[in-house]
Structure formats: C-alpha cells, structure tokens
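Down below is the structure, laid out as structure tokens.
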Number of protein chains: 2
Amino acid sequence: MVSIKDIASAAKVSISTVSYALNGSDRITKETADRIQSIADELGYVPNRAARMLKKRETMLVGVFLTDFSGHFYGDLLFGLKEELNRRDYDLIVCSGRRSHRMIPERAFDGAIILDATFADEELLGYADRGHKLVVLDRELEHANVNQVLLDNKAGATLAVEHLLGQGLSRICAVGGPESAYDARQRMRAVRQSVERMPEASLEELPGAFDKASGYAAGPRIAEAAREGPVGVFCLNDEMAIGLCDYVRTQTSLQIGRDVHVIGYDNIELAQYMQPRLATIDYSKRKWGALAAEQLLKMIEGRPVEQERIYVRLVEGESVGQASL
Amino acid sequence: MVSIKDIASAAKVSISTVSYALNGSDRITKETADRIQSIADELGYVPNRAARMLKKRETMLVGVFLTDFSGHFYGDLLFGLKEELNRRDYDLIVCSGRRSHRMIPERAFDGAIILDATFADEELLGYADRGHKLVVLDRELEHANVNQVLLDNKAGATLAVEHLLGQGLSRICAVGGPESAYDARQRMRAVRQSVERMPEASLEELPGAFDKASGYAAGPRIAEAAREGPVGVFCLNDEMAIGLCDYVRTQTSLQIGRDVHVIGYDNIELAQYMQPRLATIDYSKRKWGALAAEQLLKMIEGRPVEQERIYVRLVEGESVGQASL
DNA sequence: ACTATCCGTAGAAACGTTTCGATAAACCGT
DNA sequence: ACGGTTTATCGAAACGTTTCTACGGATAGT
C-alpha cells in the first residue's frame, strides 16, 4: 500500500511536506503542492483512516445504533440523518447488536445516535461519563454529554384517542408496548389522561410488544368486547394495528371501521396499503433524523444545543369510521 | 483516556507485558495476567480501535454498501449477514452514499459487500486490483478478489411467467427495471425466453425503474390492453407491482385477479398485506446475506470460495386468478 | 554590507497498539 | 557448582499519519 512516505521519496521532499501539501496548508508553495498532489494521484495514494484517526483523535464518523435492521421507518430516519451529516463532512455508520456497543468506548466514532433498546440507561450514562457524545431517540437522559430529540408522544396519543372519541366511540381499548419502551409509556399515559377527561368513556389496556404478533394476540379480547357494540382500538404502533386487523379479518366476522375501529401510530409505509387504510399518527422521520444529527454535531463541536421536539399529525383512514348509534 | 501505558505503570510492568496479558498470550503467568486484567477493569480500560487497526492491519469489520436505507428486504438480508459475521467475531457496518465509498480504499474494513448501484463496475474492479476483498450482490464481476452470490433470476422469472401462462393468460406484459440493473436484465431475458416457447403467447415490454411510480406509470397502457381481454402482468419487482395495483384500483374499474393479473418479484413484506394478496417470487434474503458473509470471510482468510446460488419459489396470491375464457 | 525578518521545507516526536528479539532469573541434570 | 535450557518479562521498533519546532537561505531595511 502506498503511503505518504512513498510520495515523499518520489517527490524528494520530507513526509511533513507531503502531509502539509495534501492537506492544503499554506505553508507549502503552490508549485510544490501541485507537484506532490499529482505524484500522489499517480501513485493512487489514499490516506490510511486508522492512522489519521489515531493521530487526530477524531474520526469524522457518527454511529447510529438500531435494535435491528427491520424497523419500518428506519429508511426515512437514516435518510434525514445522513443528509445532515454529509453536509458537514461526516459519514454515517449503522450498527446493530450488542457486540457492536463496544465501538463507542473504543472511539470508533466522534459521537453516536441511539435508537436501540439493547442499551441500558446506565450503560449509556457510563459512556457519557467517559466523554462520549450521545443523542438518544428512545429515552430521556439527564447528562451533559447526552441530548435527545423527543417525539411528541403525548400529543400524538391524545390525537389518536380523541379521534376515536370524536367518532362517537366511547369504549376504548389500547394495546400497549413493552414496559421498557419509553415511547410506549408516554403514549399510554396520555391515553389514560384523554379517556379520563371524558366521563362517559371507558378504557381497557391490553399488553403488547410493538410487534405484529401482539396485535394479533390482542384480537380475541377485542373481538369479545366488540360483540357488545363498536369499540375503538388504539394500537400504540402500526405494526400491532396491522396484526390486529389481520386477526379481525381472518378469525372473526367483525368488520374493521364498523365494529372494530383501529388507529395506529408511526404511519409506516404499510399503513397506507392496508384495506381499509389504517388511521394513524404521522410525524416526519426525516426531520427526526436531521435534528438528531444537528444536535450531535453541535455537541461534538462544542456549540450550545437546544432541546427539539417533533410534531405529529393525524392521518385518517377507513379503519376508523363513524360509530353507528 | 486510559491507555495500556497507564495500566503498565499502575501494575509496574512494561507495556508489552500488559499487551500480552490482555490478549491472553501464554507468555505471561496466570497470576500476573489476572492482576493486570483486574487493574485494567478497574481503570475502565478499552483498547483504542484506531491504534489496533493501524498496527494489526486488520479491522475485524465488514462494510455493506446499500443504494439507500429504504429497501424492503434489507432487514432480512442484513440479519443474515450480521448473524454469520458475528459468529466469526466480525462486526458489520452499513454504509450508503457515494461519499462513503472511500472507506474501502482507506482500509476501514477487511472486506465489503456491495448491493449498491452507485458503484460502477470499474470502480469496484479498481478496489479489487488494490487488494480489497469484495462480494457483489447486484452484478457479476470476474476478478480474483471479487465473488458473488447470485439470485436465480432466470428460474424466478420463468416461474412467474409460467404461472401466468398456466392460468390461461396468453397476453403477457412485463414491467422492466432500470437498464443498469443486472437483476432486471436477467429477469427480462428469461421472460422473453419463456414467452417465446409458447407460440400462442404474446409479450409486451414496458419500461420501469423498480419503484412504485413506474408501476403506476405502466398502468394506462396495461388498462388499455386489458380492455381486449385479461392480461397477465409480470412486474420485475414487488414495488412496481404495488404501484400498478394502485393505479388499477384507483384509476380504472378493472379488477385485479380478473381483468389484470399481477405477479411481482421479491416477496417483500408488503406483498402479503395487499388486497388481493400479491403473487410473487420468493427467496431467502437471510440466506443470501449469510452466504455473502461466508464467502467474504473465506476470501479474507484465504480459503477457497465456491460459487453459490439462491433458489426461488412461487408464492401464489389472488392478484393472479384463473383466466375466464 | 550586515543584521533582522520571513518563508519554505525538514526533522522528529507523538498518537496507542502489537510483536520480535533480548535479557535476566530460575531451574535442571550431572 | 557449573553450563545449558527454560521461563517470565522487558525494550524498542513499527504501523501511517499530524504537527510542533528548528533550520537555512533569501529578502529587506538601515
């Protein structure tokens, strides 16, 4: 592999001159710089990333950690992240799995973005203590080296429940997320508050784990409830809503949007292709990513960071209809 | 940041002893090794990745390059890749975008897996010439440092067309992919061959770009054709099939599975949620990833690599029905 | 013409590891 | 008790950069 040394001897200058020339320092005259540059090109020189990282103590890399690679909104989120990072000359690296956690303390990146339930809070705080910059997207953490971009879960869940209530549905079921999920806890809390505000409304909470299977599993109980009249179901994310619709369609003779009214959360791509179209809560995943990137870069560069929040909107769908009285 | 030196002075041994001890060399007695280990733990030592990379000239990292992060089957593919790599102590890093290409010559990984149209063949061959190990998933390249895991596109496309023909459909439309896509070229070639084998069958080729919009765009022409009797449409991937169904459903009074029979390719998750369910060609994306990882590791370790191929199967769906005669 | 200033380049140390070869102490058999 | 062998540890070089400081020669000012 051709190194800076090879260029130095080919150009009959010292390696420091080569380094300065290639990095565009004004210590070197334009002529020598050009000469060195063309020799470098000719030899096909590419700087060694590891050496540069070691010496400069910076990587120009940001790591994003995901629980898995199959999330339905990762595409947009990562797009937003990457755009923003690239504008500032950083590269994005996506990681998943416990094994890769170690890359943070190994200083493989200048900062990391976390949307990964396999990190415990204490683990993240430990990294922050050691000086690593983090932006967390799936929890709230109080630390000088940690910031977050919050989804407005409260507003979203309130919107969802009020949409159901607004259709004349007073019997509400909510299918929850894993206890460990911050988003799930926040959404469920808002659900309770919204229902409590309506004296005539009732709420039943069903357990769930943010996956299709838990939506499906909630099916029997919901079908039972629906026998006594229309029921409005808020699944705390779209995947569960889809699982529930699956159950209702294949295992019961109930009709979605008439007997069982379903609304989800996240507006994943699938939602718009469901028949009937799934009502859901939407927010800009790109913006979420872009803000996360912006915050992280500010931290890395030592600029002040302001708290950001992503707003939500209701997407209507035929999975929620007017309650027939 | 605590380094091997700090441990050395804390333990009153040389840095080489620390290095040997921490790496489990048998040059060091168990007692000192344990002592050093516990001091390292106490100080919270984590090795510096850059330094190790530089010295060892290996990274234990594999990069996978994707055109974007939104592909519908990336989740499974990456899962297969990651599992296999982790079993062998390698970490996976996902990259996208032209900017990140440079990580290959910069020796940021021990090898790379390419499923990314933004790489030109010549670019990849250039890296291979410089000794970088590659596995390509979206093309075929002849080079000692390049291997591929091939999808059986020919078999899949043949299966799809024969399924349509088998339902009594003799007027076939095929919605193609970008000219630059290897998969698209292979599939289309097989389509032509299959249709030609049936003297009474006719084929019309429509342009496409593997995205939903091109499926939608093919809609008018297909609707026109369907006015003269049922037509079988093979969209070279599921996304286009979904776009086409969208058009037919919203812009025409034709019925899918009766007037227009649609089959896709890839069996993305969405396919099973379409109404009617989309017929498609399925193959194991996990296995695809696992084989790619296995090949790359063999190359890195200098073991012989055998050519692999992923097999396909037909998934029936109501989007293709019996042609009413 | 002589010192002071500046400018372009060179030398060398450092970043944090790994690993080869050297060294000194302990062991063994005779 | 002695040379020879083994054993545990150490010293130093190297990986490929960056960057501080030093240096020598040219230019400029008086």
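Here is the naming used below: chain letters follow the sequence lines, and residue numbers restart at 1 for every chain.
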- Check the distance between dA10(C)'s P and I28(A)'s CD1 and give it to me in whole angstrom. 8 Å
- For residues D266(B) and Y283(B), is any side-chain donor paired with an opposing acceptor at under 3.5 Å? yes
- Item | Helical bend (five base pairs per end, nearest 10°) for the helix from dA1(C)-dT30(D) to dT30(C)-dA1(D) | 50°
- For residues C95(B) and S100(B), report the shortest heavy-atom separation together with the two atoms involved. CB-OG, 3.9 Å
- Note on the structure: Across all chains, not counting sequence neighbours, the salt bridge (Lys or Arg N to Asp or Glu O under 4.0 Å) partners of R27(A) are none
Taking N or O atoms only and anything under 3.5 Å, show me the protein contacts with nucleotides 13-20 of chain C, one pair per line.
{"residue": "dA14(C)", "atom": "N3", "partner": "K55(A)", "partner atom": "NZ", "Å": "2.9"}
{"residue": "dC15(C)", "atom": "O3'", "partner": "R57(A)", "partner atom": "NH2", "Å": "3.3"}
{"residue": "dG16(C)", "atom": "OP1", "partner": "R57(A)", "partner atom": "NH2", "Å": "2.8"}
{"residue": "dT17(C)", "atom": "OP1", "partner": "Y45(B)", "partner atom": "OH", "Å": "2.9"}
{"residue": "dT17(C)", "atom": "OP1", "partner": "N48(B)", "partner atom": "N", "Å": "3.2"}
{"residue": "dT17(C)", "atom": "OP2", "partner": "I4(B)", "partner atom": "N", "Å": "2.9"}
{"residue": "dT17(C)", "atom": "O5'", "partner": "Y45(B)", "partner atom": "OH", "Å": "3.0"}
{"residue": "dT18(C)", "atom": "OP1", "partner": "N23(B)", "partner atom": "ND2", "Å": "3.4"}
{"residue": "dT18(C)", "atom": "OP1", "partner": "R52(B)", "partner atom": "NH1", "Å": "3.0"}
{"residue": "dT18(C)", "atom": "OP2", "partner": "S19(B)", "partner atom": "OG", "Å": "2.6"}
{"residue": "dT18(C)", "atom": "OP2", "partner": "N23(B)", "partner atom": "ND2", "Å": "3.2"}
{"residue": "dT18(C)", "atom": "O2", "partner": "K55(B)", "partner atom": "NZ", "Å": "3.4"}
{"residue": "dC20(C)", "atom": "N4", "partner": "Y20(B)", "partner atom": "OH", "Å": "2.5"}

Using residues 101-120 of chain A as the side-chain source, report each donor-acceptor pair under 3.5 Å to any protein atom, sequence neighbours left out, with the distance given to one decimal.
{"residue": "H101(A)", "atom": "ND1", "partner": "E123(A)", "partner atom": "OE2", "Å": "2.9"}
{"residue": "H101(A)", "atom": "NE2", "partner": "T118(A)", "partner atom": "OG1", "Å": "3.0"}
{"residue": "R102(A)", "atom": "NE", "partner": "R99(A)", "partner atom": "O", "Å": "3.4"}
{"residue": "R102(A)", "atom": "NH2", "partner": "D91(B)", "partner atom": "OD2", "Å": "2.9"}
{"residue": "E106(A)", "atom": "OE1", "partner": "R49(B)", "partner atom": "NH1", "Å": "2.1"}
{"residue": "R107(A)", "atom": "NE", "partner": "P105(A)", "partner atom": "O", "Å": "3.4"}
{"residue": "R107(A)", "atom": "NH2", "partner": "V46(B)", "partner atom": "O", "Å": "3.2"}
{"residue": "D110(A)", "atom": "OD1", "partner": "T59(A)", "partner atom": "N", "Å": "2.7"}
{"residue": "D110(A)", "atom": "OD1", "partner": "T59(A)", "partner atom": "OG1", "Å": "2.9"}
{"residue": "D110(A)", "atom": "OD2", "partner": "T59(A)", "partner atom": "N", "Å": "3.2"}
{"residue": "D110(A)", "atom": "OD2", "partner": "M60(A)", "partner atom": "N", "Å": "2.8"}
{"residue": "D116(A)", "atom": "OD1", "partner": "T118(A)", "partner atom": "N", "Å": "2.8"}
{"residue": "D116(A)", "atom": "OD1", "partner": "T118(A)", "partner atom": "OG1", "Å": "2.6"}
{"residue": "D116(A)", "atom": "OD2", "partner": "T118(A)", "partner atom": "OG1", "Å": "3.3"}

- Phosphate OP1/OP2 of dG8(C) contacted by T32(A) side-chain N/O (<4.0 Å): no
- Could you list all the side chain to side chain donor-acceptor pair (under 3.5 Å) pairs where at least one residue sits in residues 64-74 of chain A, not counting sequence neighbours? D68(A)-S70(A), H72(A)-E239(A), H72(A)-E269(B)
- So which pairs with a foot in residues 286-299 of chain A pass side chain to side chain donor-acceptor pair (under 3.5 Å), sequence neighbours left out? D76(A)-R286(A), E294(A)-K298(A)
- Message: Which heavy atom of A33(A) sits nearest to which heavy atom of A21(A), and what is that distance?
- Response: CA-CB, 4.0 Å
- Task: Give me the one residue out of L150(A), V149(A), L296(A), N147(A) that meets side-chain contact (heavy atoms from CB on, under 4.5 Å) with L291(A).
- Result: V149(A)
